[in-house]
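Beneath this line is the structure, given in C-alpha cells, with notes to follow.
So you know, we letter chains A, B, ... as the sequences are listed, proteins then strands, and number each from 1.
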Amino acid sequence: MLDPKLLRNETAQVAEQLARRGFDLDVALLAKLEEERKQAQLDAQELQTERNSRSKNIGKAKAAGEDIAPLLKEIEDLGDRHKAAESRLNDVLTQLEQIAMGIPNIAQADVPAGKDESENQEVLRWGEPRQFDFEVKDHVDLGAALGMDFDTAAKISAARFVTLSGPLAKLQRALTQFMLDLHSEQHGYTETYVPYLVNADSLKGTGQLPKFEEDLFKVNDGEFYLIPTAEVPVTNIVRDTITEDASLPLKFVAHTPCFRSEAGSYGRDVRGLIRQHQFEKVELVQIVRPEDSAAAHEELTAHAEKVLQMLELPYRKVNLCTGDLGFSSTKTYDLEVWLPSQQTYREISSCSNFGDFQARRLQARWRNPATGKPELVHTLNGSGLAVGRTLLALMENHQQADGSVVIPEALRAYMGGQDMLRV
RNA sequence: GGAGAACUGGCCGAGUGGUUGAAGGCGCACGCCUGGAAAGUGUGUAUAGGUUAAUAGCCUAUCGAGGGUUCGAAUCCCUCGUUCUCCGCCA
C-alpha cells in the first residue's frame, strides 16, 4: 500500500508516477471520495464528542441524585444520528481502502520505463553458454532416464506436477541443502522454518491479496491458502511488530514448497519443470532500515547470483522495466539462467525491494533511534534460488553426449562425493 | 473433538456500567541530591486518524478481534482467535 498521506496530498504526482508503470489512477474519484471522507469523519467525530460530553453529564447528574429523565429526552435521536454518520464514514473508508489496496507500488527512478518484458534492461551476463558438439536434450528427455516422471505425477494429481526418484530426487535435495548452507553460513541469513498454509491476513500483508486470489490454492473454504512463495510466511514474521534498531537488518533464509494455480497461463511452458503447480524454492528475505534498502537489494541479489556462479550456470541479470515490475515492488532484478535446449535465458530468481509498501500493510516497524518513534521498515526478498528450475538448468547445462549429467564441484559433497548422474 | 480458566500500556498488575487512556509497581528518559555512584526524590513515559505551518494545541478511536445492549462499556451479551489445565485422538 502506498502512503495514504502521499496519495491524498500529492495525488497528481502519484498518478504521474503510476502512469510510468501503466497504472491509471482515477484522480477525480479519489478527490471526490477524499472530500466525502473528510466531511463524514468530521460529522461523526462531532456527534461523538457531543455524545461523550452529554453522557458524562448524565453520569454526574445521576451521582448527584438528580432526575436524569429530561437529559435522556434531550438526546433521544443522538444515537441514531451518530450511527448514521458512522456508517456513512465506513462506506467511504471501505471504498478508499479498496482503491488503495489495488494500487501498485511506485517504481524507483532507475527502473527503466517499458511496457513489457521485452524492454527489460540487461545489467550483466556471467559465464559463457557452453558449445555442445552433440545434439542437446532438454531436461525432460534427460530426466526420462534419470527418474523424472510427469505421467505418474499426472496420474497421482494432474498436469504440472512431477515425481522424481533416485538420484534426481537426491540431487534436488542436495541443491536445497547447498543453498541453505551457503546463505546461512556464508551470507549471514538465519535458517527459518515456516508454515506452508497461511491465512488471508498474511497474504494481504505481502500483497498477494486481494488482487491476485486466482493465482492461489485455497484450502478449507478460505481458512487457509497454500503459500505461493516463502516470502509470505517469512515476511509476515514481522507483521504487527516493532523491531529494535539493534536487531536490524533481519535476514531470513527458508526452504519451502511453493504452490501456484497458474490460472491464466494455460498453454505456456506446458513441457517440463519450468512451470509447475508445486515446486521447491529457497527464499531470501531481509527486513532493513529504510536508508539501507537500496544497498541491501544489491547485496541480496549478489547472494542469489553466487549460487548460480558456484553451480557454474551461465546467467544474466536484468533490471525489470516498469511494465514488467511486480505489483508490490519498487525495483526488481531478475536472474535468468541459460537454457541450452531453448537457446535463451529463463527466469530462475527474482529479487525485489518493496520499500515500505509491504511494511505498511503488515504494520512492520522499527524504532528509529533518531526520532524515538516507530517507523515502517523496508522489506526485500529474492529467490536464492528456485530449486526446480535450478535442477533443470543444471541437467541441461552439464549434460554429456550419453545423457549423463556432471555434478558441479560445489555440490559433490552433498551427493556423497558423486561426480556424475549416470544413465 | 469435549470440558474449564484466562487475554488490560514495554513488562507485572488493579479495575463488574458513569469525568478510566486506564490506579499501583517495574523498566526507561530527564532533573534534584552526591566527590562519584547506589539509595532517595521530582517530572515525564502508548499507538493511530482528523484538524493544523507545526512531531504546539484541540478532537476522535484503541483494555485479544469483530458485532450487540445502553444516554454511557475495560466492565454486560454474542461470535471468533490465542494461551493454559484436564479428557479423547494422533506423527
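Donor-acceptor pairing under 3.5 Å is recorded for the side chains of A/Gln39 and A/Asp43. One side chain, A/Arg51 or A/Gln48, offers a donor N or O that lies under 3.5 Å from an acceptor on the other. Residues A/Ser202 and A/Asn199 bring a donor and an acceptor atom of their side chains to less than 3.5 Å of each other. A/Gln95 and A/Glu36 share no side-chain donor-acceptor pair at under 3.5 Å.
Judged by closest nucleotide on RNA chain B, A/Ile242 is the one of A/Ile242 and A/Leu42 placed further toward the 5' end.
Nucleic acid contact class of A/Pro374 (heavy atoms, under 4.0 Å, all strands): sugar-phosphate only. Note on A/Lys73: nothing from the nucleic acid sits closer than 4.0 angstrom, heavy atoms only. Contacts of A/Lys56 with the nucleic acid, taken as non-hydrogen atoms under 4.0 Å apart, involve only primed sugar atoms and P, OP1 or OP2. Backbone-only engagement by A/Asn52 is indicated by non-hydrogen atom pairs under 4.0 Å involving sugar-phosphate atoms exclusively.
Between A/Arg367 and the phosphate of B/C28, there is no side-chain N or O to OP1/OP2 separation shorter than 4.0 Å. A close approach under 4.0 Å does occur between a side-chain nitrogen or oxygen of A/Thr49 and OP1 or OP2 of B/U60. Between A/Lys83 and B/U69 there is a side-chain polar atom (N or O) within less than 4.0 angstrom of OP1 or OP2.
Distance noted for atom P between B/C80 and B/A91: 29 Å (whole Å). Remark: the separation of the C1' atoms in B/A23 and B/G36 is 37 Å, to the nearest Å. Going from the P atom of B/U60 to that of B/U69 covers 22 Å, rounded to whole Å. Annotation: B/U70 and B/U75 have their C1' atoms spaced 13 Å apart (nearest Å). The P atoms of B/G17 and B/A38 are separated by 45 Å, rounded to the nearest whole Å. Remark: the separation of the P atoms in B/C26 and B/G21 is 25 Å, to the nearest Å. Taking the C1' atom of each, B/G15 and B/C63 are spaced 11 Å apart, rounded to whole Å. With both ends at atom C1', the span from B/C12 to B/C90 equals 38 Å, rounded to whole Å.
A side-chain contact (heavy atoms from CB on, under 4.5 Å) with A/Asn353 is found for exactly one of A/Thr330, A/Leu300, A/Thr379, namely A/Thr330. The only member of A/Glu117, A/Gln121, A/Glu336 that meets side-chain contact (heavy atoms from CB on, under 4.5 Å) when paired with A/Val318 is A/Glu336.
Taking atom CG on A/Leu71 and atom C1' on B/U70, their separation rounds to 16 Å, with Å as the unit. Separating the CD atom of A/Gln41 from the P atom of B/A61 is a distance of 12 Å, rounded to the nearest angstrom. In this entry the distance linking NZ of A/Lys62 with P of B/C71 reads 11 Å, nearest Å. Whole-Å rounding puts the A/Gln363 CD to B/A48 P distance at 8 Å. Nucleotide B/C59 holds its P atom 16 Å from the NE2 atom of A/His82, rounded to whole Å. Rounded to an integer number of Å, the gap from CG of A/Asp240 to P of B/G64 is 15 Å. In this structure, A/Leu47 atom CG and B/G72 atom P are separated by 13 Å, rounded to whole Å. The distance between atom NZ of A/Lys5 and atom C1' of B/U51, rounded to the nearest whole Å, is 12 Å.
Residue A/Ser55 places its side chain closer to B/G18 than to any other of B/G50, B/G18, B/A61. For A/Lys38, the listed nucleotide lying nearest its side chain is B/U51; candidates were B/U19, B/U51, B/C71. Comparing B/G50, B/C71, B/G18 by their closest approach to the side chain of A/Arg51 singles out B/C71. Of all nucleotides listed (B/U51, B/C59, B/A48), B/C59 comes nearest to the side chain of A/Gln45. When distances run from any side-chain atom of A/Gln48 to the nucleotides B/U69, B/U47, B/A61, the shortest one goes to B/A61. In the set B/A48, B/U19, B/G50, the nucleotide with an atom closest to the side chain of A/Arg365 is B/A48.
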Run the numbers on A/Asp269 and A/Arg160 for salt bridge (Lys or Arg N to Asp or Glu O under 4.0 Å), then give the verdict. CA-CA 9 Å; A/Asp269 301 315; A/Arg160 295 205 191 280; over 6 Å; no

Paired and unpaired positions of RNA chain B as dot-bracket, Watson-Crick or G-U wobble under 3.5 Å, | denoting a partner strand: ((((((((.[[[..)..(.....]]]((((((.......))))))((((((.....)))))).[[[[[..)....]]]]])))))))....

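Every residue was checked against the ring-ring contact (aromatic ring centres under 6.0 Å, His included) condition with A/His255, not counting sequence neighbours, and none meets it.
Taking a cutoff of 4.0 Å between a charged side-chain nitrogen and a carboxylate oxygen, A/Arg346 and A/Glu396 do not qualify as a salt bridge.
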